[in-house]
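What follows is one structure encoded as structure tokens, with my remarks underneath.
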Amino acid sequence: MKLLSKQFFSFDSEIVAKNLVWKTIQVWNKRGIIIETEAYKQDCDQASHAFWKKTTRNALMYETYGFVYVYLIYGMYYCLNFTTDKNKAGAVLIRWIQDIQTNKIYDGCGKVCNYFQIDKKFNGLDLQNNDKIKIYDNWIKIKNIKVATRKWISKATDKLWRFIWEI
DNA sequence: GAATAGATCCGC
DNA sequence: CGGATCTATTCA
């Protein structure tokens with residue numbers, strides 16, 4: 001399997017989020033298929049961490065693409081993101097994955113991070129250059145990607161930036 | 001310094 | 001539906 005290129009993450013987060021569905025994610029020695037993603041942008045997206053201005057937390061979104069962005073939400077759950085967009089601050093949130101070995105579904109970014117044992121230490125890792133987490137291309141093309149509004153947010157709820165692989 | 005909201009999940 | 005539980009950011 002081929003590692004996704006740096007360029008893959010250089011586009012608008014909406015594009016990257018859509019393209020990430022059905023890709024293979026490997027963390028430590030566990031492998032899963034990405035089932036659902038959400039895109040977060042800089043412009044016109046009040047739900048994004050990067051909407052207002054650059055801060056210490058969202059700096060990665062501004063400064064990088066193809067890097068891991070992890071943060072703690074509600075004091076108990078980690079959320080796994082990948083930074084995107086060469087020209088703007090952007091990120092893609094990984095919401096669902098399915099384990100390749102067991103076929104178990106982990107539906108929710110807190111559950112995904114719990115399963116993969118992802119914590120704050122993953123923040124800032126370069127997807128091209130680390131031995132903990134990797135995203136591989138998948139040569140099988142799927143057509144039935146469903147587009148929907150994002151979940152669990154209070155702002156910009158009209159944006160159709162959630163992408164789900166549907167059987 | 002204090003207050004607040006949050007890209008969540010679980011259990012009642 | 002409400003609680004858990006913490007931190008980055010905002011407000012005074």
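Order of the sequence lines fixes the chain letters, A, B, ..., with proteins taken first and strands second; residue numbering starts at 1 for each chain. These numbers come from a predicted model, not from an experiment. Heavy-atom basis, side chains included; hydrogens, waters and symmetry copies ignored.
Using a 3.5 Å distance cut-off with no hydrogens or angles, the side chains of A/Tyr40 and A/Asn81 do not pair a donor with an acceptor.
Between A/Asp119 and A/Lys121 there is a salt bridge, since a side-chain N of the basic residue sits under 4.0 Å from a carboxylate O of the acidic one. A salt bridge links A/Lys23 and A/Asp137; the closest N-O separation between the charged side-chain nitrogens and carboxylate oxygens is under 4.0 Å. Between A/Lys159 and A/Asp45, none of the side-chain N atoms (NZ, or NE/NH1/NH2) sits under 4.0 Å from a carboxylate O, so this pair counts as no salt bridge.
Nucleotide C/dT5 has no partner under the Watson-Crick or G-U criteria, as no pair reaches both atom distances under 3.5 Å. Summarising the base pairing, B/dA7 is matched to no nucleotide, lacking a Watson-Crick or G-U wobble pair whose two defining distances lie under 3.5 Å.
If you check every strand for non-hydrogen atoms under 4.0 Å, A/Ile153 touches sugar and phosphate atoms only. Here A/Lys53 lies in heavy-atom contact (under 4.0 Å) with sugar-phosphate atoms only.
Note: CZ (A/Arg95) to P (B/dC9) measures 6 Å, nearest angstrom. The nearest whole Å value for the distance from the CH2 atom in A/Trp52 to the C1' atom in C/dT10 is 12 Å. Atom NZ in A/Lys54 sits about 17 Å away from atom P in C/dA8, given to the nearest Å. Rounded to whole Å, the distance from CH2 on A/Trp152 to P on B/dA5 is 19 Å. Rounded to whole Å, atom P of B/dT8 lies 10 Å from atom CG of A/Asn81. Spacing between atom CZ of A/Phe51 and atom C1' of C/dT9 amounts to 16 Å, rounded to whole angstrom units. Spacing between atom NZ of A/Lys151 and atom C1' of B/dG6 amounts to 17 Å, rounded to whole angstrom units. Atom pair A/Met61:CE and B/dA7:P shows a separation of 11 Å (rounding to whole Å applied).
The side chain of A/Tyr74 lies closest to B/dG6 when the candidates are B/dG6, C/dT9, B/dA7. Taking every side-chain heavy atom of A/Leu72 into account, C/dT7 is the closest of C/dT7, C/dT10, B/dA7. Checking B/dC9, C/dT9, B/dA7 against every side-chain atom of A/Tyr77, the shortest atom distance belongs to B/dC9. Here C/dT9 is the nucleotide among C/dT7, C/dT9, B/dA7 with the atom lying nearest to any side-chain atom of A/Thr55.
Residues A/Lys120 and A/Met76 each lie close to DNA chain C; by heavy-atom proximity, the contact nearer the 5' end of the strand is made by A/Met76.
Note that CG of A/Leu93 and CZ of A/Arg162 are 11.0 Å apart. Values are rounded to the nearest 0.5 Å.
Below the 3.5 angstrom threshold, one finds no donor paired with an acceptor across the side chain of A/Tyr71 and the base of C/dA8.
For the pair A/Lys155 and B/dG6, the criterion of a side-chain N or O lying under 4.0 Å from OP1 or OP2 is met. Put simply, A/Ser48 has no side-chain N or O that comes within less than 4.0 Å of OP1 or OP2 on B/dA7. Dashed line: the shortest gap from a side-chain N or O of A/His49 to OP1 or OP2 of B/dA7 is under 4.0 Å. In this model, the phosphate group of B/dA5 is not approached by any side-chain N or O of A/Ser154 to a distance below 4.0 Å at OP1 or OP2.
With A/Ile25 as reference, A/Ile97 is the one residue of A/Ile97, A/Leu20, A/Ile100, A/Val112 to meet the side-chain contact (heavy atoms from CB on, under 4.5 Å) rule.
Once the 5.5 Å centre distance and the 30° plane angle are applied, the aromatic ring of A/Tyr40 is found stacked with the base of B/dA7.
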